[in-house]
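Comments concern the structure below.
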Amino acid sequence: MLSIRSLFKRKNNSGNNFRITRLDETDSTNAYIRRMLSAPQQDETDPVADQSRYWVVTTEFQSSGRGQGTNTWESERGKNLLFSVLCHPVWIPITGQFILSEAIALAIRDALAVYDDHFTIKWPNDIYWKDKKICGILIENTLSGGHIKNCIIGPGIDVNQQVFHSDAPNPVSLYQILGHEVDREALLQDILKRFDANIQATINGDYATIVGNYTSWLYRLHGFYPYRDADGDFEAALVEVEDDGHLVLRDREDRIRRYAFKEVEFIINA
């Protein structure tokens, strides 16, 4: 049986921790991996069975790309970065699974920050440039025995798309920010390298560095801003994001408000 620390041990000569499958088109990369997980597995040559490396699936186009809940994702063919990562972080307890959201969001934010200084992480894991969304991430965990058996992480990053046609309120791409196209493969490799480093930190028990860096780059980290919950609109300041992923705000009346995902809306005039 593989030990925890051997799950991501480098096995190939290039030192690459990732097996990458490249598709021209699929419904969604998360769904593709889910189907492969439910199919009969062969041996360690099967990317699902090989737990020594991450399995990454990329595509040029998603016919049914989606975000959290019922949200959809607009992406022009061949222009953006659409991929999913399968990993098996069995050492992370269910109560600590939000660290995976922090690890991937931080990896993407840091990779994008190479190009511009204004990228932040909007709770729980959207990546923003100023008040505009450049990346959404869908994370799906399979739990077993109090731990995480499989984790599928599916980011969609607007890279080279020049025009958006959907009614999404505030999309932005790297092309629109920079005025030129960006090498998508180089960006992907940078993100994977940073994500790998964050995962290795969790294997070593160093959660604090990831949490601290994630917190330092939160969108609306300082000051009061407008929000909306089931009771209506209010203004509040960000207090913290708890280890289980709950957002804690302090309103103008000095009351503490605690929210799970989808229980509060950021009001943004982008």
Side-chain angles (χ1 to χ4, degrees), residues 28 30 64-75 92-109 112 118-143 148 151-158 164 166-173 207-208 210-270:
S28 83
N30 270 35
S64 302
R66 68 184 183 92
Q68 300 285 356
T70 59
N71 295 340
T72 58
W73 185 266
E74 176 195 357
S75 182
I92 296 177
I94 292 173
T95 55
Q97 61 186 298
F98 188 69
I99 196 71
L100 293 164
S101 183
E102 294 172 306
I104 187 62
L106 188 61
I108 294 172
R109 193 228 72 94
L112 291 173
H118 296 93
F119 291 102
T120 56
I121 302 169
K122 176 178 167 288
W123 175 85
N125 56 26
D126 287 340
I127 309 302
Y128 265 50
W129 179 78
K130 300 183 179 181
D131 288 321
K132 293 181 177 291
K133 180 177 177 179
I134 193 168
C135 171
I137 306 169
L138 177 63
I139 300 178
E140 300 174 281
N141 291 327
T142 302
L143 309 178
I148 304 168
C151 176
I152 307 173
I153 301 173
I157 307 171
D158 296 324
F164 294 92
S166 74
D167 57 359
N170 60 340
V172 70
S173 68
Y207 286 57
I210 297 172
V211 172
N213 290 336
Y214 170 89
T215 301
S216 69
W217 290 112
L218 281 172
Y219 177 69
R220 293 184 172 179
L221 181 59
H222 302 291
F224 282 81
Y225 293 91
Y227 296 87
R228 179 178 297 123
D229 64 11
D231 296 322
D233 295 0
F234 63 98
E235 288 191 343
L238 194 155
V239 176
E240 65 173 334
V241 176
E242 296 177 331
D243 290 346
D244 63 1
H246 282 82
L247 177 68
V248 180
L249 303 175
R250 176 172 54 85
D251 66 22
R252 291 285 190 181
E253 286 71 45
D254 212 30
R255 293 176 299 185
I256 295 298
R257 298 169 177 247
R258 182 174 180 268
Y259 297 99
F261 183 53
K262 290 292 188 182
E263 290 181 350
V264 65
E265 176 187 351
F266 289 63
I267 299 176
I268 301 170
N269 296 317

Query raised in the report: Is the closest side-chain heavy-atom distance between D126 and I121 below 4.5 Å?
Result: no

Query raised in the report: Taking the six-membered ring for Trp, are Y227 and F234 parallel (under 30°), tilted (30 to 60°) or perpendicular (over 60°)?
Result: parallel

Show me the donor-acceptor pairs within less than 3.5 Å that the side chains of residues 217-226 make with the rest of the protein, sequence neighbours left out.
unit_1, atom_1, unit_2, atom_2, d
Y219, OH, D131, OD1, 2.5
R220, NH1, P226, O, 2.9
R220, NH2, I267, O, 2.5
Y225, OH, H222, O, 3.4

Query raised in the report: What's the verdict on side-chain contact (heavy atoms from CB on, under 4.5 Å) for F98 and V241, showing C-alpha distance, side-chain angles and the deciding distance?
Result: CA-CA 10 Å; F98 188 69; V241 176; 3.6 Å; yes

Query raised in the report: Rounded to the nearest 0.5 Å, how far apart are CD1 of I92 and CG of L100?
Result: 4.0 Å

Query raised in the report: CZ of R228 to CG of D233: how many Å apart, nearest 0.5 Å?
Result: 4.0 Å

Query - Exam field: side chain D251 to backbone E253, donor-acceptor pair closer than 3.5 Å - result: yes

Query raised in the report: Does the side-chain contact (heavy atoms from CB on, under 4.5 Å) test come out yes or no for F164 and D158, once each step is laid out?
Result: CA-CA 10 Å; F164 294 92; D158 296 324; 3.6 Å; yes

Report task. With rounding to the nearest 0.5 Å, note down the distance linking CG in D243 to CD1 in I99. Result -> 7.5 Å

Requested in this report: Could you grab the distance from atom CG of N213 to atom CD of E102, nearest 0.5 Å is fine?
Outcome: 10.5 Å

Query raised in the report: Please walk me through it: do V172 and K130 pass side-chain contact (heavy atoms from CB on, under 4.5 Å)?
Result: CA-CA 10 Å; V172 70; K130 300 183 179 181; over 6 Å; no

Query raised in the report: Of all heavy-atom pairs between S173 and I134, which one has the smallest distance, and what is that distance?
Result: C-CD1, 4.0 Å

Query raised in the report: Which is it for F266 and L247 under the side-chain contact (heavy atoms from CB on, under 4.5 Å) test, yes or no, and what are the steps along the way?
Result: CA-CA 12 Å; F266 289 63; L247 177 68; 4.2 Å; yes

Report task. Can you measure from CD (E140) to CD1 (I152) and round to the nearest 0.5 angstrom? Result -> 5.5 Å

Query raised in the report: Which heavy atom of V239 sits nearest a heavy atom of L249, and at what distance?
Result: CG2-C, 3.8 Å

**Report entry** Validation row: I108, P155 side chains within 4.5 angstrom (heavy atoms)
**Finding:** yes

Report summary line: Closest non-hydrogen contact found for A105 with N125 is CB-CB, 4.0 Å

**Report entry** Pair F119 and Y128, ring centroids less than 6.0 Å apart
**Finding:** no

Query raised in the report: What's the spacing between K133 NZ and I157 CD1 if we round to 0.5 Å?
Result: 12.0 Å

Report summary line: Sorted by chain and number, sequence neighbours left out, side-chain hydrogen bond (donor to acceptor under 3.5 Å, both in side chains) with Y259 holds for D229, R257

Report summary line: For C151 and I139, the nearest pair of non-hydrogen atoms, with its separation, is SG-CG2, 4.0 Å

Report summary line: E263 and R258 have their tightest heavy-atom pair at OE1-O, 4.2 Å

